[in-house]
Every structure is written in C-alpha cells, then in structure tokens.
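Working notes, structure below.
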Amino acid sequence: MMMDKLKETAAFLKEKTGFNPAIGIVLGSGLGGLVDEIDIKHRLPYKEIPNFLASTVEGHAGQLIFGELSGKQVMAMQGRFHYYEGYPMEKVTFPIRVMRLMGVHTLFVSNAAGGLNPAFEVGDLMIIRDHINMFPENPLRGPNIDELGTRFPEMSETYCRELIGKAKQIAIKNKIKFQSGVYIGSPGPTLETPAEYKMFRILGADSTGMSTVPEVIVARHAGMRVFGISVITNLSEPSEMDKPTTHEEVQNVAGAAASKMTQLFKELIREM
Ligand code: HPA
C-alpha cells in the first residue's frame, strides 16, 4: 500500500530529524548551490531513506537536506528522481508526498530548462506561470489516494499567483533579471530536435525540460502551494556559432545562474 510506505518514510524522517517543516524545496540539475545557504541540521543520502531510490544522474547529489533558510525550517531535495531514469511515476513523485506528510504546505521547485521563447537568453531565470504535461502518463493515474486529495484535481492556479507576484516584486527590488512563462515537461532523455522545439513553442511553451510537471501535479493533488523557477541553460534556436546542447553545458550554466535563483527563493521564504 502506497499510503503505508509514505507514512513509514515520513515517520522515519520525523524520528531522525525532529523536523516539521512547512517549506519543501526541489533543486534541479546543477542548482544544488542553494544548499550552501541552508543552515544544515541533517543530511540524509537517499539510499539511507526507506522507500527512496538512489538518483543516477551526474550532478544530482541525491540527498535530503533538513535545515533553516531565512530563519525557517525547510526540507530540500538535492537531486530528484527523473522519469527517464526508468522510475515509475509513483517513485518519481514519492518524495513530494513524503514532504506533505512531514507538514510541507508550500513547495519550491526548480529545473534547468531549454529556452523556447526567442526573447530569452542563456542564464535567464523564468518564473513558471503554468505548465503543459507532455509525459506519456499522469502521476495520479490509478486508484486515487483519498487521504491525500481528490480524484479530479483542479488545475486553474497550479502555480500560486500570490507567490509569483511577491517573487516579481523581490526580483525588481533586488535587480534580478527575470522572465515568466509556461514550462513544458517531456520525458527525455533526448534533448529536442529542432522540429520538436518548434512544436513546443507552437503549443504555447516558453521553456522545456524533463522534470517538475509530475512533482507539481502530485503537490497540487495534496493541496500544496507551488512556486517554480526554470533556469534557462540553452536556447532552442542557437545562433549559427553555438554548439549543440550537452549535459555538461546545462550543468555549467545552471551553476552560474543558481545564485540569482537562490537569492529569490531566500527572500520569498523570508517573507512567508
Ligand atoms: N530540453 C530538455 N531538457 C532540458 C533542456 C532542453 O533543451 N535544457 C535543459 N534541460
């Protein structure tokens, strides 16, 4: 039973950490730098946590961090589970549900993403206004877990408008350049062909990546507020001189832009 496993993991983490955090954070590829700002009390590698799986991707350290950020208790995933690694959706989204059981009601998500909007530049932050699910399945498929949420979750305000508004004010005040737009999540692990990037743009998206959407769906199902950021690591229409996107490039650009995202998250959490 899914619910039993979730309760087992949440009980283990509560016992181990004594934490009851209201804020959860998911750090994407190369975006782990935020962890340096956390006053860390506990660091738990995924492989030591019951019912978690080890993350297999380079640049994803794979640990759960418990500590204080801007004076508030947070739990942060340094590295996430991706669908392309072969995990079923219930494993990809398991930690989010554990967060909910730990007491988390606001989730901060981040990802490294390709920029589809021609106005975007490499290194830009994009505040996620909405998303499109291009994964071949929905993480809520199957029997509904009534204890967590409703069968047919409402998705008209998936990304909290109030938090988006606050984030924009903070960015302006601190002179952090930002974009905002729609993230389209697809399974990967291939990056897009030029024709696929063009299709995603036509569908109405501004950024694209291989994560986030499953976690956000599960978070909304469980009634959490969500705030998300894409760090634009590459562009769908590179200039003639640019080389094709590599995972290494994604990591490097993400690392450099992570400090702006960190500042934004920190200030938002301070104001909560
Ligand atoms: N496509 C998909 N995922 C990505 C990209 C991209 O261009 N860049 C970083 N993650």
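Just so you know, ligand 1 is whichever comes first in the structure, and atom 1 is the first atom listed for that ligand. We number each residue from 1, following the sequence as shown.
The backbone of Ala113, and not its side chain, has at least one atom closer than 4.0 Å to an atom of ligand 1 (non-hydrogen atoms only; backbone = N, CA, C, O). When non-hydrogen atoms are compared, ligand 1 lies under 4.0 Å from neither the backbone nor the side chain of Asn111. Proximity of Thr208 to ligand 1, defined as any heavy-atom pair under 4.0 Å, is shared by backbone and side chain alike.
For ligand 1, the atoms lying closer than 4.0 Å to a non-hydrogen atom of Met210 are 2 (C), 3 (N). Numbered from 1 in the order shown, with element, the atoms of ligand 1 that lie under 4.0 Å from a heavy atom of Asn234 read 5 (C), 6 (C), 7 (O), 8 (N), 9 (C). Close contacts of ligand 1 with Leu191, meaning ligand atoms under 4.0 Å from a residue heavy atom, involve 1 (N), 2 (C), 4 (C), 5 (C), 6 (C), 7 (O). Close approach of ligand 1 to Ala112 is summarised as follows: ligand atoms under 4.0 Å from at least one heavy atom of the residue are 9 (C), 10 (N). Within the listing of ligand 1, atoms 8 (N), 9 (C) sit less than 4.0 angstrom from a heavy atom of Thr233. The atoms of ligand 1 that sit less than 4.0 Å from any heavy atom of Tyr197 are 1 (N), 6 (C), 7 (O). Ligand-side atoms of ligand 1 in range of Glu192: 1 (N), 2 (C), 6 (C), 7 (O), range being under 4.0 angstrom from any heavy atom.
Across all their heavy atoms, Thr17 and His42 have their closest contact at O-NE2, 3.4 Å. For the pair Ala76 and Ile38, the tightest heavy-atom approach, listed with the atom from each and the gap, is CB-CD1, 4.1 Å.
Residue-to-ligand polar distances place Gly114 within reach of ligand 1: an N/O pair is separated by less than 3.5 Å.
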Item to check | Stepwise salt bridge (charged side-chain N to carboxylate O under 4.0 Å, His left out) check, Lys266 with Glu37 | outcome: CA-CA 8 Å; Lys266 259 174 72 177; Glu37 301 287 322; 2.8 Å; yes
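There is a side-chain donor-acceptor pair under 3.5 Å between Ser211 and Arg80.
Between Glu267 and Arg270 there is a salt bridge, since a side-chain N of the basic residue sits under 4.0 Å from a carboxylate O of the acidic one.
Judged purely by atom type and a 3.5 angstrom limit, Ser110 has no side-chain atom pairing as donor or acceptor with the backbone of Val231.
Scored by the salt bridge (Lys or Arg N to Asp or Glu O under 4.0 Å) test, Glu196 finds no partners at all (sequence neighbours excluded).
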